[in-house]
There are 4 protein chains.
Amino acid sequence: MGVSTLPRGRRVNSSGERSKKLLLEKATELFSKNGYHKTKISDIVKSANLTQPTFYLYFENKESLYNDLISQFKNNFLETINRIQSEADEGNIVENIHRNLTILFRFFESNPHLTKIGYYQTEEADKLKERFSDLIEEVLKDRAEFADYDIRIVAHSLVGAIERLTLTLLFTKEREPEQLASEIINLYFARNFVK
Amino acid sequence: MGVSTLPRGRRVNSSGERSKKLLLEKATELFSKNGYHKTKISDIVKSANLTQPTFYLYFENKESLYNDLISQFKNNFLETINRIQSEADEGNIVENIHRNLTILFRFFESNPHLTKIGYYQTEEADKLKERFSDLIEEVLKDRAEFADYDIRIVAHSLVGAIERLTLTLLFTKEREPEQLASEIINLYFARNFVK
Amino acid sequence: MGVSTLPRGRRVNSSGERSKKLLLEKATELFSKNGYHKTKISDIVKSANLTQPTFYLYFENKESLYNDLISQFKNNFLETINRIQSEADEGNIVENIHRNLTILFRFFESNPHLTKIGYYQTEEADKLKERFSDLIEEVLKDRAEFADYDIRIVAHSLVGAIERLTLTLLFTKEREPEQLASEIINLYFARNFVK
Amino acid sequence: MGVSTLPRGRRVNSSGERSKKLLLEKATELFSKNGYHKTKISDIVKSANLTQPTFYLYFENKESLYNDLISQFKNNFLETINRIQSEADEGNIVENIHRNLTILFRFFESNPHLTKIGYYQTEEADKLKERFSDLIEEVLKDRAEFADYDIRIVAHSLVGAIERLTLTLLFTKEREPEQLASEIINLYFARNFVK
DNA sequence: GATGAATGAGGATTCATTCAT
DNA sequence: GATGAATGAATCCTCATTCAT
């Protein structure tokens, strides 16, 4: 072609990058707030002060953007919960669980919008919770303290409690990650493990 | 081979009551499975072997039908959980809770589709859970056994646990209402209340 | 059990003729008030306390019923205005015109609904007015009194005045047919004819 | 021979202003010719060589476009007739009326389609004519020349005459605005005022 | 890098009309 | 003579997506 008027090598901070990031933010916000179907491309670009074709400059389409957000959450989530298991055998287990629950709540808290999308509004979310539950089962299954319990039920209960507390007390800033972790320990593990 | 279209008027052996009920069932099923937006009127009527205008013979429109389903669930749910509270003071509290949890799980079990719609996929659902949580708080707040606990957290945890167990163990028929109720009592109340 | 459904079929004390007449009346009323498109078959039968299939028992379809109403008006109207012409030469012309205008207004007044349909809301109406205008021209064209006038304009003015007066003063019962006829004579013919 | 469908995006040499204006013109034309109900959005866009979504790019919906046209006519019409009244006292009244009638006919003539919509096919039209009639009454009521007349009848007659003449002689180009104004003066005012 | 202008492909809803009883 | 129950055939409108500039 003739004269390329564009400067070579785009800077990371070019306005293109900025636009993409902005769209991503707004999309995340809107998806999290209104869900996939009620969020229109026109809403996203409007709130980013851009136009619809610009959206397609940076994202393949609506669905793939949404899927990307889900994937991103999923990866981070799995990474986070896997630490619980891998560290399960080291040191005091209750302390470990406490520490890792705190980390999990902090993770949720660090990106509430993404969490809402990935953990509360997709079908994928159920699979993640299932995985989380399996992992907890794994950790508890050989513990004498839980011999009298139906471990699957304990695991699912924990997952459910965490899910609900995140939404109602963490996202609303009524409780801190540490507090939630402590109370969960207190409620589910204290009398069983301690002493 | 042309698709032979149906003749216009009334079908042989057709009945309005039956058609309405059928549409309602199919709609509930599809909404519960695919959500509001992915469920088309055309899907509903197709699965009921009827045509679109027939849908409008019995329901005002898609949204109002969905809202009706939500309302129906809401009313039944509130009625069910209100019993927990109203009976809270009578007799042995743990027994009461056990009985009413059983009833609640049975209610969920009795219409899983409606429950999925009303308790898992609408915004209304969060309000219902909030209400449920408030009610639990009310029941626990004066109990010495929970003096050391953050009651809001206990309440939300319980709601979360119930929600999750319903989905993963009740709807899959892996556990019975009574079992779930017992285990919840065991996990949350046993050591606290019994002696 | 509980719901005693209404018996189908022929209603006690109902005659086909009566139903037909009732439907015709209601249709005329509704068409005249709301026009062809805003009048639904369902409206007509509802206001006659009948059902849609009954409508088709007596009328071919919506359009043909409407056309029948138009025809009916048209025939009566043409018959009425033709008298004006045929009597034009007999006796005192002003008196003749006065008498026939009165008859015309009485005709309009006798069935305002039908008049509204046939004279105010169809395309046919314009043809009727054109015809009326031509007829008036015919009557006036050899009159020395109108030698100075553009007869077509006089004719169309008269038709327009009659149309408007019918709607605003006759149908509202603010003036009587005779009054309107007299005033029109006064306004258009008096000084011209009466010496 | 397949119908080759248009490609998706922007057309070569397309302009929003032009498209909107074109749609407006075609809509006005079709509404005026066929009325609101018989004019489909699909007709409008077809005659503008565009597609249905494009219509909604420029207009909110069918009804609001139609209402806009009515409003536009209404405003212009009221402005025009208000001049008649406001100038009624200045100079020779017959001359004034003649001048303003001419202006009115010119206004009708300048946009026959819009006039047909706003003055001949809506319910609003009757209100406008009523208003026009009231205004004429106002102008005539203190005139000694009309002492013997029923002024309401004169006013309504005039309105009716103007309405009819516009349709039959102005729109068909059989008469000019000035001619019509002159003849109306001649017919209604000449002998009364002059002399 | 971004926008103005357009469209394809549905999806909900309405209404006149028609069978079966 | 009349109704209950249904459908065919539109029609409006929306939304993600794409071309030309």
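Everything numeric in this text was worked out from a predicted model, so none of it was measured. All chains are named by letter (A, B, ...) in the order of the sequence lines, taking the proteins before the strands, and each is independently numbered beginning at 1.
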NZ/NE/NH1/NH2 to OD/OE distance under 4.0 Å, [X] and [Y]:
X: C:K127; Y: C:E124; value: yes
X: C:R18; Y: C:E25; value: no
X: D:E123; Y: C:K38; value: yes

If you look at every heavy atom in [X] and [Y], which pair is closest and at what distance?
X: D:L23; Y: D:F59; result: CB-CE1, 3.7 Å
X: D:G118; Y: D:A125; result: O-CB, 3.5 Å
X: B:L114; Y: B:F73; result: O-CD1, 3.8 Å

Q: Kindly state which residues belonging to residues 20-35 of chain A come within less than 4.0 angstrom of DNA chain E, counting heavy atoms of the residue only, listed by number.
A: none

Q. Which parts of residues 55-68 of chain A get close to DNA chain E, meaning a heavy atom less than 4.0 angstrom away?
A. A:L57, A:Y58

Could you state the atom-to-atom distance from [atom1] of [X] to [atom2] of [N] in whole Å?
X: B:Q52; N: F:dA10; atom1: CD; atom2: P; value: 15 Å
X: B:R10; N: E:dA20; atom1: CZ; atom2: P; value: 10 Å
X: B:K40; N: E:dA12; atom1: NZ; atom2: P; value: 7 Å
X: A:K38; N: F:dA16; atom1: NZ; atom2: P; value: 14 Å
X: B:R8; N: F:dT7; atom1: CZ; atom2: P; value: 11 Å

Q: Cation-pi check, B:K62 to B:Y36: give yes when NZ or CZ is under 6.0 Å from the six-membered ring centre and within 45° of the ring axis, no otherwise.
A: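 Because its charged atom sits under 6.0 Å from the ring centre and within 45° of the axis, B:K62 does stack over B:Y36.
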
Q) Is it the case that B:K129 places NZ or CZ above or below the six-membered ring of B:Y120, under 6.0 angstrom from the centre and within 45 degrees of the axis? A)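 Verdict for B:Y120: a cation-pi partner in B:K129.
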
Q. Can you tell me if the side-chain N/O atoms of D:T54 get under 4.0 Å from OP1 or OP2 in E:dT7?
A.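 Answer yes for this pair, as a side-chain N or O of D:T54 is under 4.0 Å from OP1 or OP2.
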
Q. Any side-chain N or O of B:S19 less than 4.0 Å from the OP1 or OP2 oxygen of F:dA6?
A.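 So the side chain of B:S19 is within the cut-off, an N or O lying under 4.0 Å from OP1 or OP2 of F:dA6.
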
**Q.** Watson-Crick or G-U wobble partner of E:dA20, both distances under 3.5 Å
**A.** F:dT3

Q) If we call it a pair only when both distances are under 3.5 Å in a Watson-Crick or G-U wobble match, what pairs with F:dT14? A)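 Answer to the pairing question: E:dA9, which forms a Watson-Crick or G-U pair with F:dT14.
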
Q. Starting at the 5' end of DNA chain F, which residue's closest nucleotide do you reach first, A:H37 or D:S42?
A.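 This one resolves to D:S42.
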
Which nucleotide in the set [options] lies at the smallest distance from any side-chain heavy atom of [X]?
X: C:P53; options: F:dT3, E:dA16, E:dT14; result: F:dT3
X: C:T51; options: E:dT17, F:dT3, F:dA16; result: F:dT3
X: C:I41; options: E:dT17, F:dA16, F:dT21; result: E:dT17

(Q) Any side-chain to backbone donor/acceptor pair from B:N75 onto B:Q72? Under 3.5 Å, distance only. (A) no

